[in-house]
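Heads up, the thing below is written out as structure tokens.
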Amino acid sequence: MILAVSSLKPPHPCYRGRFAPSPTGPLHAGSLASALGSWLDARANQGTWLVRIEDLDAPRCIAGMDQHILAQLQACGLTWDEEVIWQSQQLTAYQNAIETLYSDRQVYPCACSRQQISSVLSSQGLLRARNQEQVYPGTCRNGHVWQAQLPNSDSPSAWRLALKPDQWIRFSDAELGPQEQNLNADVGDFVLRRADGIFAYQLAVVVDDARQGITHIVRGADLLSNTARQIYLQGVLGYATPQYRHLPLVLDPHGEKLSKQTHATQIDTASDAAVLQALQTAALHLGLRNLSDGQDQTIAEWLLQATHAWADKTKQISRTQN
Ligand code: GLU
């Protein structure tokens, strides 16, 4: 099949995208849709696409799942352009970032348990509904004596970022349009290193996106609420902020997000026909209609057709947003 290259955007001078799965379960219809959206966006921009394994939270990771996810991506033809990196091998970079913030007096140790945080908030009449994130009331920040201890792995406390006052973070999401969040009111000083010594997702993701020169982040809308924190952290660490695009979530029949926790079924990669079926479902979910069903195509041909469809769709979105 021949497709006109003209519908692709000219090569983006520095487009670098990524897919960053946590090896806590196999790819399911939801994570495949995110991977496909991110891959298509990179290919439509003639950019570079990376895969990073986010395996810091060791207790939640499943042995061998990293290789399984990589094999699933490969079976789907979602190939990457540079060596895969594992976050568990980048600990020095996260430590350096937290020490930089410490020397700037922007992080402090916190020994509060969840329960202590809840009781302070309830005494202030600020307790939130179950499942809603509690805004840290700043208890340890107020009592902290600087120079008391360095944020190293021996310290038994969590380390929190001391937010500057009045932090309204505003950004334009390429899919969802203008977004804003008041970090002080909605989140509070958030954790960069947990009390068990594990570096928090917010820190690691920001450090790695910067080190890998990521310019475009395309991921599921479940991560939208983290974005303001990440933009703030990029600012205090002196990193550039990438362009964000948050994709619609795949929901189960009960309206819940498909997730590893709810044991979503893994995608079927047993045959090319099954892969094409999974890709087709993911593409429909991403709003790519009128694609051929792949019956008479190879996976590579189908992906090329989807790349052109993605380029056309994103052109339309940016026209309506401008
Ligand atoms: N590791 C995260 C996850 O699997 C994704 C992080 C990101 O894309 O920023 O949900």
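Just follow the structure's listing: the first ligand is 1, and inside any ligand the first atom is 1.
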Logged contact type for Y201 with ligand 1, heavy-atom cut-off 4.0 Å, is side chain

With heavy atoms under 4.0 Å as the rule, classify the contact between L223 and ligand 1 as side chain, backbone, both or neither. side chain

Note: D209-R16 ion pair, threshold 4.0 Å (strictly below): no

Is any side-chain N of the basic residue among D252 and K257 closer than 4.0 Å to the acidic one's carboxylate O? no

Checking D208 now: which residues fulfil salt bridge (Lys or Arg N to Asp or Glu O under 4.0 Å) with it, not counting sequence neighbours? R52, R211

If the cut-off is 4.0 Å to any non-hydrogen atom of [X], which atoms of ligand 1 fall inside it?
{"X": "R18", "result": "7 (C), 8 (O), 9 (O)"}
{"X": "S22", "result": "1 (N), 2 (C), 3 (C), 4 (O)"}
{"X": "V205", "result": "9 (O)"}

Checking heavy-atom distances from atom 6 (C) of ligand 1 to each of R52, E54, Q87, the winner is E54

If hydrophobic residues (ILVMFWY) are linked whenever their side-chain heavy atoms come closer than 4.5 Å, directly or via other members, who joins L251 in its cluster? L249

So, is P21 polar-close to ligand 1, with some N/O to N/O distance under 3.5 Å? no

Answer yes or no: does an N/O atom from Q230 fall short of 3.5 Å to an N/O atom of ligand 1? no

When rounded to the nearest 0.5 Å, the distance separating NE2 of H216 from CD1 of I214 is 11.0 Å

Taking atom CD of E180 as the centre, does the number of heavy atoms from other residues, nucleotides or ligands within less than 6.0 Å exceed 12? yes

